Amino acid sequence: MKNEPLKWNKEDITKIERALYRFIPLIRFYDIEPTDFFYKVYCYKDILPQDLIHNLLEFHIVPNMKSKANLKPSRKPSIKSTLIESNYIPIFASWIDKMDSSHYNRKNIPYDFKLLYRSSQDGNDVLSFHKNCDDKGATIWIAKIKNSTQLIGGYNPLNWDQSRSYKTTADSFLFNFTNERDISIAKKCYVSKPDRAVYCHNSFGPAMGNLFCENNVWTYRNYDNGNRYPKIGIPANFEVEDYEVFQVIKK
């Protein structure tokens, strides 16, 4: 029997259905990425339960649709976030390790991401930011711009603190997801002026290069002609609905 579902006859389909029946409950269908589902699963729709196919199509097409199946726990890397899903983790890990031409997959990610702070939960002020995030080593932060689908953020490989000084690193970066549901169009940029990579101050939340959160006022300033990091479409002035900070821990 050839592995060409469109050429199977009724007898072929019946044989495959019987062979697969006991394995279907063991397959984590909802962990399959949309592209793989379309090209590698949907072509077998005639031998899979029709209610399963319907539910999977609904899950992948309808925004914010939850799984309807009682499946085993996911093998996907987990992250305690209200802003992003687990599919962001391989991207962040790859950027941290400067893997421009390829990405980690969910099985070989070398970092854990531990939630330190969520502004809507822990207090939306700089005091709460420093209380939860200072002296924790490398962190990545994500902010949702109000009344938009845009997520911005950055990676700081150094400590946050209240020293009122710039910190030097060549490994930090900023990122911009103009549409939180389409990670394929993400933009990121590594620091251009390492001696202005990160700014720490008791009156500031996350501040990197030209991007500042001063007493919860978010701005992208034009210092050094705005070129401390390459420009990737972060607005000059904006409000943040919520933001989160994660400690990056090497496994």
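All values reported here derive from a predicted model rather than from experimental measurement. Residue numbers start at 1 and run along the sequence shown.
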Review point. Can you tell if the side chain of Trp160 reaches within under 4.5 Å of the side chain of Phe129, non-hydrogen atoms only?
Key: yes
Exercise for review: Assert yes or no for the condition that the ring centre distance of Tyr88 to Phe177 is strictly below 6.0 Å.
Suggested key: yes
Practice item. Can you measure from CD1 (Ile234) to CH2 (Trp218) and round to the nearest 0.5 angstrom? Key: 10.0 Å
Check your understanding: Measuring from Ile142:CD1 to Ile84:CD1, what's the distance to the nearest 0.5 Å?
Key -> 4.0 Å
Check your understanding: Which of these passes side chain to side chain contact (heavy atoms under 4.5 Å, CB included) with Ile53: Asp51, Asn55, Leu57?
Key -> Leu57
Review point. Does one side chain, of Tyr166 or Arg228, offer a donor that lies under 3.5 Å from an acceptor on the other?
Key: yes
Study note, to complete from the structure: Closest non-hydrogen contact found for Asn159 with Lys136 is OD1-N, 3.3 Å
Review point. Between the side chains of Ser119 and Asp242, does any donor sit under 3.5 Å from an acceptor?
Key: yes
Check your understanding: Is Lys167 salt-bridged to Asp161, cutoff N-O under 4.0 Å?
Key -> yes
Practice item. Would you please indicate if the ring centroids of Tyr243 and Tyr117 are separated by under 6.0 Å? Key: yes
Check your understanding: Does NZ or CZ of Arg221 fall inside the cone over Phe212's six-membered ring, less than 6.0 Å from its centre and within 45° of the axis?
Key -> yes
Check your understanding: Do Ile91 and His103 have side chains that get closer than 4.5 Å, going by heavy atoms?
Key -> yes
Point to revise | Evaluation steps, ring pair (Phe, Tyr, Trp, His ring centres under 6.0 Å), between Phe29 and Phe37 | key: CA-CA 8 Å; Phe29 286 101; Phe37 167 74; 8.3 Å; no
Review point. Side-chain contact, heavy-atom cut-off 4.5 Å: Ser192 with Asn227?
Key: no
